[in-house]
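For reference, the structure is listed below as structure tokens.
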2 protein chains.
Amino acid sequence: MTDDELSSRPLPTADDVAAIAGVSRWTVTRAFKNNASISEKTRAKVMAAAEELGYAPDLLASSLASERSNLVAVLVDDFNNPHKLVMLERLTTAMRSAGLDTLLVNTLGSEDAQHALRNATQRRVDAAVLIGVNFDDSILHAALGARRVKKLILFARASDHPETISICVDDVAAMREITDYVIDKGYRRPLFLAGPDTRSAHVFRKETFVAHWQSRFDVTPEVLSVGSYDPRRAFETIERNLTSRRAYPDVIVCENDALAIGAMDALRHALGLRVPDDIAVTGFDDVPLAANRVYDLTTYRQPMTAMAEALVEVVLNRSDGSGLCQFGGRLVPRHSA
Amino acid sequence: MTDDELSSRPLPTADDVAAIAGVSRWTVTRAFKNNASISEKTRAKVMAAAEELGYAPDLLASSLASERSNLVAVLVDDFNNPHKLVMLERLTTAMRSAGLDTLLVNTLGSEDAQHALRNATQRRVDAAVLIGVNFDDSILHAALGARRVKKLILFARASDHPETISICVDDVAAMREITDYVIDKGYRRPLFLAGPDTRSAHVFRKETFVAHWQSRFDVTPEVLSVGSYDPRRAFETIERNLTSRRAYPDVIVCENDALAIGAMDALRHALGLRVPDDIAVTGFDDVPLAANRVYDLTTYRQPMTAMAEALVEVVLNRSDGSGLCQFGGRLVPRHSA
DNA sequence: TAAACTCTTGCACGCGCGAGCAAGCTTGAC
DNA sequence: GTCAAGCTTGCTCGCGCGTGCAAGAGTTTA
């Protein structure tokens with residue numbers, strides 16, 4: 001058959017396949033479904049006919065007729081952090097091998113999350129995954145209150161909201177490990193560099209660091225807030241804050257790698273200091289750039305693949321989503337601290 | 001009404017809204033459609049009822065009933081290049097404001113593109129956008145031959161395939177501009193660092209550079225191939241290739257920023273050279289990191305926003321997709337060359 | 001005031017498939 | 001050979017909305 005014939009022909013449906021295979025339409029449906037009650041012989045017959053026609057089930061019609069769409073919305077509000085790309089890669093990989101498709105939703109600024117969420121639910125997504133940073137209580141409430149989204153999952157972020165499912169590392173354990181590492185290395189004048197000040201959906205790294213350091217030395221470590229995870233703003237914050245000082249900290253513990261990289265750049269290029277000789281730096285996430293010899297950043301790697309797989313389990317209802325904030329990661333010691 | 005009431009109730013349909021507004025279901029549909037034949041008065045009435053119920057049209061059912069899904073698949077095969085994040089951000093922004101949703105498809109390695117494409121078409125996407133690098137002829141043929149995808153768009157990449165739509169900068173003009181810039185700066189011993197060797201869907205930067213340099217000096221510049229856009233591999237390639245040399249090039253012209261950054265790292269940290277004093281470097285793309293003071297990379301910025309908007313026009317059939325590979329970008333001179 | 005026109009509204013039918021039940025078939029024990 | 005039990009297959013009805021046409025309402029012109 002020629003291209004022209006193909007182009008003018010509508011896509012084959014289950015009826016077409018059924019006609020060729022000599023079975024009913026519903027048998028065709030069963031052939032494409034796991035655990036369906038169908039004999040191997042007829043399934044083979046159906047598959048052969050499907051192959052011949054180039055048939056593939058219409059997921060749209062399937063979603064409409066059933067309660068499952070196998071579509072998951074992933075909402076992202078921060079495209080500046082390269083770590084998001086790593087997350088997207090892991091998530092899409094895990095989801096695709098489980099037959100789940102990804103609807104990527106850009107929340108276009110913090111005020112837009114509600115629209116984004118509504119938009120996603122109009123496509124009947126089975127779940128919405130938030131991998132952004134600026135999602136606060138009002139958004140969670142709106143999303144859950146209206147019941148427009150079946151499942152709300154926070155990825156790599158904790159939440160105390162009871163109807164939300166969080167999948168993340170045990171931030172407390174992780175940050176304690178970093179703190180102890182820094183202390184073991186002999187640093188005693190720390191500065192904690194924090195990101196945005198979100199409320200319910202956030203990380204507990206700052207609080208943990210402060211508390212743990214206090215418990216070890218009975219002094220409250222200094223905290224500096226950048227307001228976002230933008231490396232450029234971290235650069236400016238460090239530059240502005242440190243230039244007028246008489247005494248520098250000896251280590252800057254950062255809430256994530258984006259901040260750490262901005263901080264290192266500021267230390268070296270704005271203040272003319274050496275890392276780690278003058279001031280050490282630690283991060284969190286282990287972004288690709290952290291392994292770069294320029295930065296060689298001591299950081300903490302989250303078990304992203306395992307977390308993505310856990311997310312799939314939750315979406316498929318094979319997990320109730322409890323106890324998913326206890327993932328253990330791995331401290332990656334490098335040269336920066 | 002309580003949360004419980006809401007949770008047990010199915011989502012409102014157009015029928016529910018119609019009942020409250022005292023109109024027919026089709027009038028409700030019209031109220032949500034632009035350019036529909038409906039009076040302002042009834043539209044207001046419908047909207048009030050919809051607001052009351054929290055109704056939003058079901059895009060799934062809408063897609064099934066019509067020939068448009070307002071869904072666009074974006075296929076990505078390379079999550080290592082941070083530039084992809086910029087593209088995704090621009091694309092999703094432009095598409096969402098045009099009412100198009102994004103299906104993010106990870107092609108999971110080069111052999112998987114066909115499955116990915118089929119997967120996308122099962123959701124009736126209006127178009128498939130390829131922003132990867134490893135899409136070659138066989139994939140384009142399979143996709144177009146089976147007619148399973150209505151529109152195949154290559155973003156930021158040229159193609160000579162007649163049934164494919166390319167949206168990209170004029171690589172020839174861009175690369176000539178870079179070449180002339182490098183020449184004007186006085187560099188005379190160039191090395192071109194190329195990425196993967198894809199066939200039909202690729203950039204013409206290498207060819208243009210070679211041809212243009214030849215036309216200026218009548219000598220063929222040296223070309224080194226990395227095989228991918230991975231900065232680490234660029235690092236290794238440069239390190240391995242330059243260490244055993246007696247004479248260095250005075251400028252390395254890279255096919256994109258990822259390569260340029262890997263090359264700069266190798267020059268500085270593996271070979272102990274200074275950039276640009278010993279060897280200058282240029283890139284292409286203007287990734288966020290290029291503006292970092294550590295790299296301060298001379299590069300070329302593609303008009304990503306305009307390109308994303310052009311893509312939307314193509315998807316919405318407001319453009320036939322011709323002449324979309326003539327976008328003009330901007331050379332961004334920085335310190336690296 | 002009637003005719004002609006435009007704008008607005010309602011409706012039959014279909015998009016492709018799934019849940020759940022009922023009928024047909026096979027198998028094995030008696 | 002008979003009947004119950006299990007397995008396999010077919011089918012009715014519906015998911016929520018769009019297309020295209022026809023009827024109704026409103027407006028203008030002669």
Side-chain angles (χ1 to χ4, degrees), chain A residues 9-47 49-50 53-71 99 118 121-126 148 150, chain B residues 9-47 49-50 53-71 99 118 121-126 148 150:
Chain A
R9 182 179 319 191
L11 287 179
T13 73
D15 277 313
D16 302 330
V17 177
I20 290 195
V23 297
S24 73
R25 176 169 71 72
W26 297 271
T27 300
V28 174
T29 298
R30 288 192 184 92
F32 279 89
K33 185 176 160 189
N34 291 333
N35 311 322
S37 156
I38 185 174
S39 70
E40 269 316 313
K41 207 164 65 181
T42 44
R43 168 169 277 160
K45 202 165 54 179
V46 169
M47 286 314 202
L53 289 180
Y55 167 81
D58 186 320
L59 264 27
L60 231 93
S62 163
S63 307
L64 185 62
S66 74
E67 283 307 303
R68 300 278 321 268
S69 64
N70 289 316
L71 229 203
R118 158 168 291 236
T121 57
Q122 285 183 270
R123 298 237 177 234
R124 293 200 180 188
V125 295
D126 287 337
R148 293 202 60 93
K150 303 186 210 165
Chain B
R9 181 178 318 192
L11 287 179
T13 73
D15 277 312
D16 302 330
V17 178
I20 291 195
V23 298
S24 73
R25 175 170 71 73
W26 296 271
T27 301
V28 174
T29 298
R30 287 193 184 90
F32 279 88
K33 184 177 163 189
N34 290 333
N35 311 322
S37 154
I38 187 175
S39 71
E40 269 316 312
K41 206 163 64 180
T42 46
R43 168 169 276 160
K45 203 165 54 179
V46 169
M47 286 314 202
L53 289 180
Y55 168 81
D58 186 320
L59 264 25
L60 232 100
S62 161
S63 308
L64 185 62
S66 74
E67 283 308 303
R68 299 279 321 268
S69 65
N70 288 318
L71 230 203
R118 158 168 291 235
T121 57
Q122 285 183 270
R123 298 234 177 237
R124 294 201 181 188
V125 295
D126 288 338
R148 294 202 60 93
K150 303 187 208 164

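All of these numbers come straight from a predicted model, not from anything done at the bench. Note on naming: letters A, B, ... go to the chains in the order of the sequence lines (proteins, then strands), and numbering restarts at 1 for each one.
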Query raised in the report: Just how far is it from atom NZ of A/K150 to atom CG of A/D126, taken to the nearest 0.5 Å?
Result: 4.0 Å
Query raised in the report: For A/R43 and D/dT8, what is the distance between atoms CZ and P respectively, to the nearest whole Å?
Result: 10 Å
Query raised in the report: Are B/L53 and B/I20 close enough that some pair of their side-chain heavy atoms sits under 4.5 Å apart?
Result: yes
Query raised in the report: What nucleotide among D/dG18, C/dG18, C/dG10 has an atom nearest to a side-chain atom of B/T29?
Result: D/dG18
Query raised in the report: What integer distance in Å separates A/W26:CH2 from C/dG16:P?
Result: 14 Å
Query raised in the report: Touch check for A/T42, heavy atoms < 4.0 angstrom, all strands: base, sugar-phosphate only, or nothing?
Result: sugar-phosphate
Query raised in the report: Does any non-hydrogen side-chain atom of A/S63 lie less than 4.5 Å from one of B/R123?
Result: yes
Query raised in the report: Are any of the side-chain heavy atoms of A/R30 and A/T42 separated by less than 4.5 Å?
Result: no
Query - Gap between atoms CG and C1', on B/L11 and D/dC15 respectively (whole Å) - result: 13 Å
Query raised in the report: Nearest-Å distance, CG (B/L60) to C1' (D/dC15)?
Result: 10 Å
Query raised in the report: Over how many whole Å does the gap from B/N70 atom CG to D/dG18 atom P extend?
Result: 11 Å
**Report entry** Comparing B/G22 and A/D58 on DNA chain C - which has the more 5′ nearest nucleotide
**Finding:** B/G22
Query - Bend angle of the helix from C/dT1-D/dA30 to C/dC30-D/dG1, end axes from five pairs each (to 10°) - result: 40°
**Report entry** Distance, rounded to the nearest Å, where A/L64 contributes CG and C/dC15 contributes C1'
**Finding:** 9 Å
Requested in this report: Identify, between A/S66 and B/S66, the residue whose nearest nucleotide on DNA chain C lies closer to the 5' end.
Outcome: B/S66
Requested in this report: May I ask you to say what B/R124 touches in the nucleic acid, namely base, sugar-phosphate or nothing, with a heavy-atom cut-off under 4.0 Å?
Outcome: sugar-phosphate
Query - Listed nucleotide nearest any side-chain atom of B/K33, set D/dT19, C/dG18, C/dG10 - result: D/dT19
Query raised in the report: Rounded to the Å, how far apart are B/D15 CG and C/dA12 P?
Result: 13 Å
Query raised in the report: Which nucleotide in the list C/dG10, D/dG18, C/dC17 gets nearest to the side chain of A/A14?
Result: C/dC17
Query raised in the report: Atom CZ of B/R30 to atom P of D/dC21: distance rounded to whole Å?
Result: 14 Å
Query raised in the report: Does a side-chain N or O from A/S39 land closer than 4.0 Å to OP1 or OP2 of D/dT9, or not?
Result: yes
